[in-house]
Amino acid sequence: MEKYGVEVQEKKQVKEEGLQELPGTHENIVLRFAPNPSGPLHIGHSRAAVPNAEYVKRHNGKLILRIEDTDPKRVYEDAYEMIPEDLKWLGINPDEIVYQSDRFDIYYDHARQLIEKGAAYMCTCDGAAFKELKDNCKACPCRDNSVEKNLELWDKFDTMDAGEAVLRVKTDINHKNPAIRDWVAMRLVDETHPRLGNKYRIYPMMNFSVSVDDHLMGMTHVLRGKDHLANSEKQKYLYDHMGWDLPEFIHYGRLKMEDIALSTSKALEGIENGTYSGWDDPRLGTLRAVARRGIDPRTIYNLITEIGVKMADSAISWKKIYGLNRNLLEPIANRYFFVEDPQLIEVKNYEGGKVIVERPLHADHMDRGNRLLPFDGSAYLAKSDIADGVFRLMDAVNVDIKGDEITYNSTSFEDARDLKARIIQWVPAEDNVNVTIVMDDASLKTGLGEAALSDLNVGDIVQFERVGFARLDEIKDNELVFYYAHK
RNA sequence: GCUCCGGUGGUGUAGUCCGGCCAAUCAUUUCGGCCUUUCGAGCCGAAGACUCGGGUUCGAAUCCCGGCCGGAGCACCA
């Protein structure tokens, strides 16, 4: 009886919402987010950043932001600034930031240790020749060189030409996956590094610097994409050689983004040739682009948390993002009128004189007060709203539209209901502001908005009734520019 | 081609390890109703899934084998 009870309890372990629980220790965990600084962060990066941050938060651990800038060809200098900004936007604050370019001496030191242990060797084979041997499970001649010989070559590594030699880590030359066999740890690079200039010529390969750092920084868990599965396998050999404990390696699947298939390099290319306005062009999948459109960081954070760290790939749909974001925006966004392609109309036979129409900023939050829209018989309507039939200019009057003729019908809402009049928005003839809305495909919607919009600040998010949610991006002399979020 | 990894509604996710409580969870989406001075929101309701075929078993989304489909890696990139 007792035993049965225990078993049931084990099975019914309560799981945390969203992210599945971390394997291994939960005490003093240390995790890292380690991007290559090739550009600002995009939604794909959040798949790595968010779970790390979330686990750290959950277990009160430590999060390190490690900038992996060990390939000068793939460093975009502004990214050093942009990455921490993007993380901050996501609500992620690393406990520490380290740059791998500051740590070359540490890598050199460990490379030497490896050679001394006989676990690495200087390889002077031609790349193609090595591959030929490796693919046939054959060791190259360099593999048998003595430690002394390897140290000698290592010491004059710096004087060789790029490509003349590399340092290889010994693995298993018969490993069934050829990619794992004796991988490269160090190579020569002559490119100028944005932070280091030409101070060093010997550069670590990612598998080497990552392993050394992960160990030295005390990582308890390493989360990475499944594209690194083979790399984890390679790195295990290094941990073994050095006698280090392995962190928990956790791999997650690919994140596919509906529509936008933009890699950082493609985006940069488009920015440079003028196709895109910048890293925050609404067509891009960068965090700064979605932020500009009024996507709340919690939308991204929550969605990524929900997707979790499983090995299967997943595809994010904009519908899902918009749906989640709408739930966050709906209560905070105040309502305003905007008419696209405004047509000034005159309501014939209107004799009500000048009235001030009051509309709540938000129907569910009356305490926020009202906007005031003066009406005296004429107004701007959206071109697409003008069609034959009976309509109610919201909160003002009911009109009959026939061709160019717009005539007064009645005033009360009850009449509109009886007439089954469709309700349309309008903008006062006198009191209005120019509005441009930059859509998600970068096209522009231009028109007029009600005067109350000029009270807004940049960054405010509104809902234009029947148009959608938009974020005020810029206040120009005679124009407000919004970025469209979604319906 | 070789090595490896996946496959639950349109999308995302729970459940798979330890088979029964799963005629499968939640979110988003779509549709309908109510309400409402937004074709919005809200409320109510509905739609929609275990990749296929064998096997084990009293019982399979869950275990085994095979097929199919998808993805990744196979760099002196990260």
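Treat the numbers as computed from the prediction; the structure is a model and nothing was measured. The sequence lines fix the lettering, A, B, ..., with proteins before strands; numbering per chain opens at 1.
The distance between atom CD of A:E330 and atom C1' of B:C43, rounded to the nearest whole Å, is 13 Å. Put simply, CD1 on A:I43 is 19 Å from P on B:U11, counting in whole angstrom units. In this structure, the CZ atom of A:R417 is 6 Å from the P atom of B:U36, given to the nearest Å. Summarising the geometry, the separation between OH on A:Y322 and P on B:G12 is reported as 17 Å, rounded to the nearest angstrom. Distance NZ (A:K134) to C1' (B:G73): 11 Å, rounded to an integer number of Å.
Contact check for A:H228 versus A:M206: side-chain heavy atoms found under the 4.5 Å cut-off.
In this structure, a donor-acceptor pair under 3.5 Å is present between the side chains of A:R224 and A:S232.
Here the two rings, on A:Y200 and A:F104, have centers that are under 6.0 Å apart. Aromatic ring centres of A:F469 and A:Y322 lie farther apart than the 6.0 Å criterion allows. Aromatic pair A:Y237/A:W183: centroids not less than 6.0 angstrom apart. Taking the centre of each ring, A:F338 and A:F482 stay at or above the 6.0 Å mark.
In this structure, A:Y80 and A:Y99 have tilted ring planes: the angle between them lies in the 30° to 60° band.
Ranked by how close their nearest RNA chain B nucleotide is to the 5' end, A:N177 and A:A396 are led by A:N177. Residue A:A230 is the one, among A:A230 and A:F130, whose nearest nucleotide of RNA chain B lies closer to the 5' end (criterion: closest heavy atom).
For A:V184, the side-chain atoms get nearest to B:C76 when compared with the rest of B:U37, B:A78, B:C76. Picking from B:A78, B:G10, B:G12 the nucleotide with the shortest atom distance to the side chain of A:T70 gives B:A78. Listed nucleotides B:G10, B:U38, B:U37 differ in distance to A:R392; the shortest reach to its side chain belongs to B:U37. Nearest nucleotide to the side chain of A:R74, out of B:A41, B:C4, B:C77: B:C77. Candidate nucleotides B:G12, B:C77, B:A72 were compared by shortest atom distance to the side chain of A:K226, and B:A72 ranks first.
A:R335 comes within 4.0 angstrom of a base, heavy atoms only. Counting any heavy atom pair closer than 4.0 Å across all strands shown, A:M206 reaches a base atom. When heavy atoms are screened at a 4.0 angstrom cut-off, A:K131 is found touching the sugar-phosphate backbone but no base atom. Using a 4.0 Å heavy-atom distance criterion, A:Q463 is classed as a base contact. Looking at heavy-atom distances under 4.0 Å, A:M205 makes contact with sugar-phosphate atoms alone, never a base. Residue contacts shown for A:D395 include a base, since a base heavy atom lies under 4.0 Å away. Using a 4.0 Å heavy-atom cutoff across all strands shown, A:V166 reaches at least one base atom of the nucleic acid. Across all strands, A:H228 comes closer than 4.0 Å to base atoms (heavy-atom distances). Across all strands shown, A:N327 has heavy atoms under 4.0 Å from sugar-phosphate atoms exclusively, and none from any base.
One finds a side-chain N or O of A:K176 lying less than 4.0 angstrom from the OP1 or OP2 phosphate oxygen of B:C4. A sub-4.0 Å separation between OP1 or OP2 of B:A78 and a side-chain N or O of A:N207 is absent. Close to B:A72, at under 4.0 Å from its OP1 or OP2, lies a side-chain N or O of A:R254. The phosphate of B:G6 (OP1 or OP2) has no side-chain N or O of A:K310 nearer than 4.0 angstrom. For B:A78, one of the phosphate oxygens OP1 or OP2 lies less than 4.0 angstrom from a side-chain nitrogen or oxygen of A:R187. One finds no side-chain N or O of A:S38 lying less than 4.0 angstrom from the OP1 or OP2 phosphate oxygen of B:A78. For B:U29, one of the phosphate oxygens OP1 or OP2 lies less than 4.0 angstrom from a side-chain nitrogen or oxygen of A:R326.
For the C1' atoms, the distance from B:A47 to B:U62 is 27 Å, rounded to whole Å. Annotation: B:G10 and B:C2 have their P atoms spaced 33 Å apart (nearest Å). Rounded to whole Å, the separation between the C1' atoms of B:C21 and B:C44 comes to 29 Å. Going from the C1' atom of B:C22 to that of B:U13 covers 16 Å, rounded to whole Å. Here, B:U28 and B:G40 have their P atoms 15 Å apart, quoted to the whole Å.
Remark: the A:E306 side chain and the B:G12 base include a donor-acceptor N/O pair separated by less than 3.5 Å. Judged by distance alone with a 3.5 Å cut-off, a donor-acceptor contact links the side chain of A:K320 to the base of B:A27.
The nucleotide B:A47 finds its pairing partner in B:U29, both defining distances of the Watson-Crick or G-U wobble pair being shorter than 3.5 Å.
Applying the 6.0 Å contact sphere to CD of A:E81 captures no more than 12 heavy atoms from other residues, nucleotides or ligands.
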